[in-house]
Amino acid sequence: MVKIPPHFFDHQRDVESQPSAVIVQNETKKSTSNHNLKKLYIKTYGCQMNVYDTQRMSDALAPEGYENVDTPETADMVILNTCHIREKAAEKIYSELGRMRKMIEKKNKPLKDSQKTKPIIAVAGCVAQAEGREIMRRAPVVDMVFGPQSYHKLPEMLGKLAKGQKKVLDTDFPTEDKFEALPEAKPANIISRGVSAFLTIQEGCDKFCTFCVVPYTRGAEYSRSIARILNEAQNLVNAGVREITLLGQNVNAYHGKDDAGNTVSLGGLMAALDKIDRLDRIRYTTSHPNDMDQTLINIHKTQKSAMPYLHLPVQSGSNKILAAMNRRHTRESYIEVIERIKLARPDIALSGDFIIGFPGESDADFDDTMDLIKHVTYSQAYSFKYSPRPGTAAATMDGQIDDEIATKRLHQLQQLLNDQQRQFNQNTIGRTLDILFERKGREAGQLIGRSPYLQPVYVDAPEAFIGQIMPVHIESLGNFALKGTLLD
Ligand code: SAH
Ligand code: SF4
Ligand code: F3S
């Protein structure tokens with residue numbers, strides 16, 4: 001039976017400004033009755049890259065005898081896979097560590113000293129990378145801290161603890177490639193994660209937008225080789241995956257090498273992936289407007305497996321703010337890219353990210369952003385109040401915006417984006433769309449799937465349809481999702 005984590009549909013919604021807040025996703029594969037297995041609980045915060053990393057950490061720990069459980073209480077090891085993008089996301093980690101400390105104290109209270117136990121507590125991800133030593137200092141409950149480029153060293157780090165080392169801290173950017181050193185996922189583990197899978201093809205970022213921590217937490221831009229990606233994609237498909245979302249913080253800056261040593265762009269990689277039989281849908285995220293080359297744009301016209309959906313953050317509609325953000329594109333160049341995409345694929349669904357209240361943002365700058373949104377029209381989008389991040393250039397800029405003003409602007413902007421989302425969804429009512437069924441719905445006999453435009457759709461259909469793509473007539477729009485009926 002295909003079992004998909006309950007938060008499966010939330011992973012696109014890493015947003016404090018959306019109802020579901022910052023994503024939290026657990027690797028949920030119930031432990032079997034084998035008592036020799038150690039129990040691993042991983043809680044994931046942040047972006048899809050972290051979701052992917054969590055899966056790869058599970059894969060790296062499986063040969064060490066660890067199996068995933070979905071609560072921390074019984075776990076032998078707890079990993080918090082963290083996000084540093086905004087202050088709120090980072091602070092969450094310290095409250096979670098406080099909860100862990102209390103959970104351990106409560107469990108140990110009735111026990112004699114000799115019986116007391118403690119799971120290994122590890123902090124991974126972008127907060128670990130950015131403030132590893134601070135975590136060790138503030139939270140003595142933590143045994144291990146390691147950054148996003150060190151996951152392949154997990155067995156080695158565990159070995160150090162087993163040998164009696166008290167704490168392990170690894171926040172280097174190692175010269176070896178973590179992907180090449182990580183073990184392949186087992187087919188059963190792959191399919192337990194769902195028929196739509198993530199695959200990181202590119203890591204890090206060299207763009208240094210002035211608000212953003214990613215270049216510091218993930219390191220320099222790096223592209224995996226074509227051969228490795230094709231091999232991983234084939235393994236996913238062999239296990240039953242039908243849709244792959246290629247991941248990177250700058251996914252369309254991808255420039256991996258093929259076997260002959262030639263550099264291949266994302267468009268070239270998409271074309272190579274298209275040859276994999278039964279890989280029906282390919283998506284990619286997150287793209288930068290400056291890296292949308294014409295080869296990639298044309299793929300949306302010529303390649304059926306390239307889904308008509310594009311997440312293309314613009315952040316602001318004001319050229320003054322875009323320059324202060326060091327985005328290296330203008331409002332006009334963004335619109336020009338969108339026009340070229342719409343020419344290639346008129347029905348493309350567009351998504352974006354917006355930052356409100358960046359230092360120096362005037363009413364006129366905000367109006368420019370509202371105006372851009374009205375011009376482009378989005379099928380969905382994420383919006384954030386600017387959060388000053390330590391070490392970034394914008395954190396010390398003049399003209400920091402009053403929180404009340406930023407909140408008001410954010411509210412206004414979200415109203416517009418919500419209206420556009422509703423309108424986009426409404427426009428699909430009455431149409432017949434191919435739906436990839438992904439998991440069981442809340443009600444008996446119901447499945448949830450995704451349209452090509454990434455809209456969740458509820459349909460009455462047998463469970464055996466999970467993993468299949470079928471034409472569905474879209475009937476109505478509820479609060480969160482569309483409802484449809486199978487054509488026959
Ligand atoms: N690499 C992607 C996304 C980076 S992080 C890109 O270039 O678009 C995801 C989103 O978080 C960003 O697009 C931005 O909208 C938001 N973000 C990043 N840093 C932020 C900050 N300091 N405050 C508020 N939002 C931020
Ligand atoms: Fe951050 Fe900018 Fe790089 Fe995106 S392109 S990850 S926003 S620095
Ligand atoms: Fe957060 Fe790191 Fe992703 S800071 S958004 S988890 S790259």
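Numbering of residues begins at 1 and proceeds along the displayed sequence. Start at 1 and go down the list; that is how both ligands and their atoms are numbered.
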Item to check | Main-chain N/O of I244 paired with R283 side-chain donor or acceptor, under 3.5 Å | outcome: no
Item to check | 4.0 Å heavy-atom contact, N250 with ligand 1 | outcome: no
Checklist entry - Any chance the side chains of T44 and N81 put a donor and an acceptor closer than 3.5 Å? => result no
Item to check | Close approach, R327 and ligand 2, non-hydrogen under 4.0 angstrom | outcome: yes
Checklist outcome for this item: For C126, the ligand 3 atoms with a heavy-atom partner under 4.0 Å come out as 2 (Fe), 4 (S), 6 (S), 7 (S)
Next on the checklist: Give me the residue, atom name and distance of the protein heavy atom closest to atom 1 (Fe) of ligand 2.
Outcome noted: C212 SG, 2.3 Å
Next on the checklist: Need the ligand 2 atom indices (1-based, order shown) with element for anything under 4.0 Å from a heavy-atom of F211.
Outcome noted: 7 (S)
Checklist outcome for this item: ligand 1 to R86, heavy atom cutoff 4.0 Å, flagged ligand atoms 11 (O), 16 (C), 17 (N), 23 (N), 24 (C), 25 (N), 26 (C)
Checklist entry - Which atoms from ligand 1 have a heavy atom of Y386 less than 4.0 Å away? => result 23 (N), 24 (C)
Checklist entry - With respect to atom 8 (O) of ligand 1, which of P388, P313, G357 exhibits the smallest heavy-atom separation? => result P313
Checklist entry - Atoms of ligand 3 less than 4.0 Å from N50 heavy atoms? => result 6 (S)
Item to check | ligand 1 to I355 polar contact by distance, N or O atoms, under 3.5 Å | outcome: no
Item to check | Geometric class of the F179/Y52 ring pair [parallel <30°, tilted 30-60°, perpendicular >60°] | outcome: tilted
Next on the checklist: Working to the nearest 0.5 angstrom, can you tell me the gap between L350 CG and I338 CD1?
Outcome noted: 4.5 Å
Item to check | Heavy-atom nearest neighbour in the protein, as seen from atom 8 (S) of ligand 2, with distance rounded to 0.1 Å | outcome: C209 N, 3.2 Å
Item to check | Ligand-side contact atoms (ligand 3) for residue partner C83, heavy atom cut-off under 4.0 Å | outcome: 1 (Fe), 4 (S), 5 (S), 6 (S)
Checklist entry - Just checking, any donor-acceptor pair under 3.5 angstrom between side chains of Q149 and E203? => result yes
Checklist entry - Between F358 and Y386, is the gap from one ring center to the other below 6.0 Å? => result yes
Checklist entry - If you measure only the distance, is there a donor-acceptor pair under 3.5 Å linking the side chains of T428 and Q455? => result yes
Item to check | Shortest non-hydrogen contact from A395 toward Q400 | outcome: O-NE2, 3.4 Å
Next on the checklist: If only side-chain N and O atoms count, and only distance matters, is there a donor-acceptor pair under 3.5 Å linking N250 with E221?
Outcome noted: no
Checklist entry - Stepwise, does the ring pair (Phe, Tyr, Trp, His ring centres under 6.0 Å) test hold for Y378 with F354? => result CA-CA 12 Å; Y378 292 88; F354 298 90; 5.4 Å; yes
Next on the checklist: Please work out, at 4.0 Å between heavy atoms, whether the side chain, the backbone, both, or neither of M49 comes within that distance of ligand 3.
Outcome noted: neither
Next on the checklist: Looking at every heavy atom in both S351 and A381, which two are closest together, and how far apart are they?
Outcome noted: OG-CA, 4.3 Å
Checklist entry - How many angstroms lie between atom OG1 of T286 and atom CG of D291, to the nearest 0.5 angstrom? => result 12.0 Å
Checklist entry - Does F211 have R389 sitting over its ring (NZ/CZ under 6.0 Å from centre, angle to axis within 45°)? => result no
Next on the checklist: Need the ligand 1 atom indices (1-based, order shown) with element for anything under 4.0 Å from a heavy-atom of R327.
Outcome noted: 7 (O)
Checklist entry - Taking only heavy atoms of P215, which atoms of ligand 2 are found under 4.0 Å from at least one of them? => result 8 (S)
Next on the checklist: Heavy-atom contact check, 4.0 Å cutoff: does V214 meet ligand 1?
Outcome noted: no
Item to check | Q249: numbered ligand 3 atoms lying under 4.0 Å from its heavy atoms | outcome: 3 (Fe), 7 (S)
Checklist outcome for this item: Here the atoms of ligand 1 under 4.0 Å from any heavy atom belonging to T286 are 2 (C), 6 (C), 8 (O)
Checklist outcome for this item: Honestly, for F211 the part within reach of ligand 1 (heavy atoms, under 4.0 Å) is both
Checklist entry - Is the H311 to Y453 ring centre distance short of 6.0 Å? => result no
Checklist outcome for this item: A student checking ligand 1 against R389 at a 4.0 Å heavy-atom cut-off should list atoms 22 (N)
Checklist entry - What part of T286, side chain, backbone, both or neither, has a heavy atom within less than 4.0 angstrom of ligand 2? => result neither
Next on the checklist: Measuring from atom 15 (O) of ligand 1, which candidate in M325, K385, Q315, H311 has the nearest non-hydrogen atom?
Outcome noted: Q315
Checklist entry - Within the stated cut-off of 2.8 Å, is an N/O/S atom of C205 closer than that to atom 2 (Fe) of ligand 2? => result no
